[in-house]
**Student:** 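Encoded as structure tokens, here's the structure I'll be asking about.
Chain naming here is simple, since letters A, B, ... match the order of the sequence lines and numbering starts at 1 in each. All values below come from the heavy atoms of this structure, side chains included, with hydrogens, waters and symmetry mates left out.
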Amino acid sequence: MHQDKNEIMQLLKSEDQSEQREGAFLARDMKLVEAVPYLVGLLQSRSIGVQEAADMALRKIGGGPSVSALIPLLASDSPPVRNLSMDILRHIGHQDIDALLRLLKSEDTDLRIFSADILGSTRSYLAVAPLCELLLKDPEVNVRYQAAVSLGDLGRSGATECLKRAFSDEEWVQYAVVEALSKLRDESSVKVLIQALGNSSELVCSMIVDALGEMGDIKSVPMLLKRIEDSPATLRNKIVKAVINILGGKALTFLSNKEKEKLHDYLLAALKDDETDIQDAAILGLGYVGGARASRSILNTAALMDPDYEEDRLQKVHESLVSIGYNQSLVEGLISEDETLASLAIHALGSIGGKEAINDLISSFALKNRDQQREIAHMLHDCAGREARDFFLTTLQQHQDGDVLKYGISFIGVKLRDEESIPVLLRFLEHPWDDVKKTALEAVLSTGGGTVLRHFQDMLSSTDTIKRVMAVYAIGRLGADNSMETLAEALNDEAYEVRKIALEAMGHISPEDKNVLHLVVKGLQDENREVRRSVVDLLDECPYPESHSYLLKALHDPDEWVRVRVVEALGRKKIQDNIPEMLSLWERSSQLVKIKIVEALGIIGGQTAFRSLLDILDDPDQEIQDAAETALDKLQEQNMEQGQE
Amino acid sequence: MNSPFPKNITFKKELKINDQEFKQLRDFIYEKSGIYIGDNRKYLLENRLGNRLKAHNLKSFGEYFYFLRYDAQRNEELTKLFEVITTNETSFFRNPPQIKVFQEQILRDLVKTKKAKGDKRIHVWSAGCSTGEEPYTLSIVLHEAMNYEMSSWKIKISAHDLSNAVLSAAKRGIYSHYALRSTPPEIVKKYFLEESPGMFRVQDKVKELVHFGQINLSDRFQLKKVERSDVIFCRNVIIYFDEDMKKNVINSFYDNLLPGGYMFIGHSESLHNISRAFKPMHYPGSIVYLKEK
Ligand SMILES: C[S@@+](CC[C@H](N)C(=O)[O-])C[C@H]1O[C@@H](n2cnc3c(N)ncnc32)[C@H](O)[C@@H]1O
């Protein structure tokens, strides 16, 4: 792909458009500064395709030369050329600020606007003072407007003072000033905006209110509340939104009762505003000043929301309803025909919990469709205690739906650990669906006890492999006294899945039991590689030196990933004597195993490892060399640290 | 034992992807395919790749990353990975208004200008062809449009995709009812054979025009080797790419198109902020992008 510079220049100079494009792309890939003058020329091509290639190249090459070469195009007669160079300069202008600052002094109004615009994208503090001067002194209103916009884009404090003075300018400039101050987001800009709230036109006020709401400074609240009384309805709703956004709902609880009452009415009014973010603020606020009337109004607003596209809003509705708490409006919602309403009520009641809510949920269950029954079962599973036991037991007998069943099973088994119901739960181990089976398994294991253990012991002799896997797993989980023998027997099972889970189970029960070691190493000869990997995992965790010789034997396993695991384990054991055996593998190893060996050497450390790593540095494979280098660095670091201690 | 159930019963912990692993994999995938996985899709990656890890009995996403770089089977695994992260959703006559505009406007004009010049070759490129429904649809449309003149023209449809798995399905050319859900019944009758109930095989004359090949759209130099086209279809593919990559791919298409050629992108996709080089042509129900002469 390496191209000759001259070749690229030839392409750029060609008359043919596809050659020009190819030249531009190659210049881009090489970041070829010499190409800049030609690229700027191509930017003015009649073919947009050529322009675009030059554009992409100039953005990538950038730098002072590109900036200087593009500036003259700002004065071009062709609007597309002008816009294009503007756009590129917004992207790369910060690489030569001085050139842009000089342009601010131009006689030409347009050039002053353009350069102010570009400076706004540079994020450079060097642009602040010159833009301020432009804002206050330029004779052209459009230049002053752009200066304010750019000061906002720069987002650097230090501009507040001049923005404040610009409030005495025409209203057109004020708009930009409000926006700029809101972008600065510092304390002094908040102060300026609050002051301006007192003596601005209604339109500017409305912009300021939005800005203050966005900025979220608590100091603006008193002034906003003061303005609320004598504002027209639309502005009032905006103020309500701003106040809620700033305080968050919580602080509302600190208001006096009288203030709360007043706010309650304003909030209910704002709930009917056309703008959704005003509605949302009202929903949030009502969550804290609450009451049954608030719940009803919120539910009515929520009924109009689209569950597919307004999930976030419905989540807020939920939080508010929960925060208001149990009331009759929720009960009415629960039995409503409207699915959105009913679903909101189900979730709210479930999250609120308590005796009344739980009873309401239980008694509505039979009247609901499948989806809502799932929701109710889910909520009851989370919020209810023993009082829902009978409900769930009946449901387990009568219901067919997998989700509802899983909630019931898990409630009885995991949550209540209800031993009496074990026979019911055990039946679900035979259920045709895997997810139900798995939930039932978890449920009976959580409950535990003698019945459960005996059930699984019987299951061991099943002819169905899945059942034997379950049984071995369960016995491992229950970890009863004599289970080691049972598991040892399972190591001879004809199905490798059973042998594998038996190994995992042994490790789970007693990772430190020496006897386990002797039982499992036979598995290193297993015909199945997954079984052998599980043995290696066990040996890895085994704290006794006996495990080493077995690991060394497994180094020569036919399966690559078994060998990887062994090398890793040997690394973690940090035994220097194992190094030669590990290295004996080298010549026959794949890149992967070699890299693992290198990493293990880096962990083991010591003379031999160090010297071997030095040798490996000469390996023809770059990736292996790199790995060796990293390992050596790590060793050296460790040495230094040890030296310091 | 066919059920996946026993594999899910294990003492091993659930596999979670950590931030570092996510970044490594994300960069790796981007480098290899140009597909950018946003932070919001981290969960998706964890979920979908979890099964790949289980399949190789790997312990962590970091190990999977090793596997992808060093394992002897890494190339096959890469293909699997691509299958997991891309969606191959497609169908015959997908978005009928676009197909109609292609048949009734674009193709008609193209044939007219070509005839006038005495040039009887047409090359259409389906880039990101998935399991073949799109290029076969184009072939059917060409047969319909050219009718008896077919034999006097030299017509070729190149169809490329990143994934080998979808390409082998495409070459097989056997489809279920579902793939034909927007295909007019008379077309099904005319161009398919119902091999077994509900399974349809595209006829050989439809297949003959289409040439499949593997390509990675993120590789500018591979794209330069594709024969220049009269019409390019690249629908519902660039959605996977980030902005830079979109720009590169679309610009490569621009270079590949013959002057006066047309490009179709997905119905819900746009070239906004990506390229201004094409002239958007508005037709009923669809926009087609023209490379001006
Ligand atoms: C949703 S399908 C679109 C199929 C067809 N064009 C249509 O609109 O029905 C997207 C296809 O793009 C392919 N794809 C994704 N990234 C690619 C890349 N970098 N190079 C080539 N093909 C890619 C995927 O493999 C997938 O088959």
**Student:** To the nearest 0.5 Å, tell me how far B:Lys291 NZ sits from A:Ile48 CD1.
**Tutor:**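 One gets 13.0 Å once the value is rounded to the nearest 0.5 Å.
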**Student:** Is the NZ atom of B:Lys156 crowded by more than 12 outside heavy atoms at less than 6.0 Å?
**Tutor:**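 More than 12 heavy atoms, drawn from other residues, nucleotides or ligands, come within 6.0 Å of this atom.
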**Student:** Tell me, side chain or backbone of A:Leu503 under 4.5 Å from chain B's heavy atoms, or both, or neither?
**Tutor:**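 For A:Leu503, there is no contact with chain B at all, as no heavy atom is under 4.5 Å.
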**Student:** Taking all non-hydrogen atoms of both residues into account, name the closest pair between B:Arg69 and A:Gln591 and its distance.
**Tutor:**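 Closest approach of B:Arg69 to A:Gln591, heavy atoms only: O-OE1, 4.3 Å.
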**Student:** Can you tell which part of A:Arg28 gets under 4.5 Å to a heavy atom of chain B, answering side chain, backbone, both or neither?
**Tutor:**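 The side chain, not the backbone.
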**Student:** Tell me, yes or no, whether the heavy-atom count around A:Lys60 atom NZ, taken from other residues, nucleotides or ligands under 6.0 Å, exceeds 12.
**Tutor:**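 Counting other residues, nucleotides and ligands, NZ of A:Lys60 stays at 12 neighbours or fewer.
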**Student:** Would you say CD of A:Glu311 has more than 12 non-hydrogen atoms from neighbouring residues, nucleotides or ligands within 6.0 angstrom?
**Tutor:**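 Count not over threshold, so no.
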**Student:** Below 4.5 Å from any heavy atom of chain B, which atoms of A:Glu442 appear? Answer side chain, backbone, both or neither.
**Tutor:**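 Neither part, no heavy atoms under 4.5 Å.
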**Student:** So, is the end of the A:Lys596 side chain (NZ or CZ) under 6.0 Å from the ring centre of B:Tyr66 and within 45° of the ring's axis?
**Tutor:**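 The answer is yes; both the distance and angle limits are met.
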**Student:** Does any backbone or side-chain atom of B:Phe67 lie under 4.5 Å from a heavy atom of chain A? Answer side chain, backbone, both or neither.
**Tutor:**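 For B:Phe67, heavy atoms of backbone and side chain both lie under 4.5 Å from chain A.
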**Student:** Are the side chains of A:Trp561 and B:Glu63 in touch, meaning some heavy atoms are under 4.5 Å apart?
**Tutor:**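 Answer yes - side chains close enough.
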**Student:** Are there more than 12 heavy atoms of other residues, nucleotides or ligands under 6.0 Å from atom CD of B:Gln20?
**Tutor:**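 Atom CD in B:Gln20 is not crowded, with 12 or fewer foreign heavy atoms closer than 6.0 Å.
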**Student:** By a 4.5 Å heavy-atom criterion (distance strictly below it), what part of B:Lys59 contacts chain A: side chain, backbone, both, or neither?
**Tutor:**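 Contact with chain A is through both the backbone and side chain of B:Lys59.
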**Student:** At a heavy-atom distance under 4.5 Å, which candidate from B:Lys224, B:Arg220, B:Lys279, B:Glu292 has the highest pair count against chain A?
**Tutor:**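 So the answer, after comparing B:Lys224, B:Arg220, B:Lys279, B:Glu292, is B:Arg220.
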**Student:** Taking all non-hydrogen atoms of both residues, which atom of A:Arg533 and which atom of B:His56 are closest, and how far apart?
**Tutor:**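 Heavy-atom minimum between the residues: NH1-O, 2.7 Å.
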**Student:** What part of A:Gln17 is in contact with chain B, defined as an atom under 4.5 angstrom from a non-hydrogen atom: side chain, backbone, both or neither?
**Tutor:**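 A:Gln17 has no heavy atom closer than 4.5 Å to chain B.
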**Student:** Can you tell me which of B:Asn248, B:Asp71, B:Asn251 forms the most heavy-atom pairs within a distance under 4.5 Å of chain A?
**Tutor:**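 Sorted descending by pairs with chain A, the first entry is B:Asn251.
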**Student:** Which atoms of B:Ile274 are under 4.5 Å from chain A, going by heavy atoms: the side chain, the backbone, both sets, or neither?
**Tutor:**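 The backbone, not the side chain.
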**Student:** What option among A:Arg529, A:Met56, A:Glu560 has the most heavy-atom pairs under 4.5 Å with chain B?
**Tutor:**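 The answer is A:Met56.
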**Student:** Please report the shortest heavy-atom distance between B:Arg276 and A:Leu84, naming the atom on each side.
**Tutor:**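 So the minimum-distance heavy-atom pair works out to NH2-CD1, 3.4 Å.
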**Student:** Check each atom of A:Arg477 against the heavy atoms of chain B and say whether the ones under 4.5 Å are side chain, backbone, both or neither.
**Tutor:**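 Its backbone and side chain both get close to chain B.
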**Student:** Search all heavy atoms of B:Ala277 against all heavy atoms of A:Gly49 and return the closest pair with its distance.
**Tutor:**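 Taking every non-hydrogen atom into account, CB-CA, 3.6 Å.
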**Student:** OH of B:Tyr254 to OG of A:Ser18: how many Å apart, nearest 0.5 Å?
**Tutor:**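 B:Tyr254 OH to A:Ser18 OG: 9.0 Å, rounded to 0.5 Å.
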**Student:** Tell me which of these, A:Val498, A:Val593, A:Asp537, A:Val564, has more heavy-atom pairs under 4.5 Å with chain B than the rest.
**Tutor:**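 When all of A:Val498, A:Val593, A:Asp537, A:Val564 are compared, A:Asp537 has the most.
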**Student:** Roughly how far apart are B:Leu58 CG and A:Arg565 CZ, rounded to 0.5 Å?
**Tutor:**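 Nearest 0.5 Å value for the CG-CZ distance: 6.5 Å.
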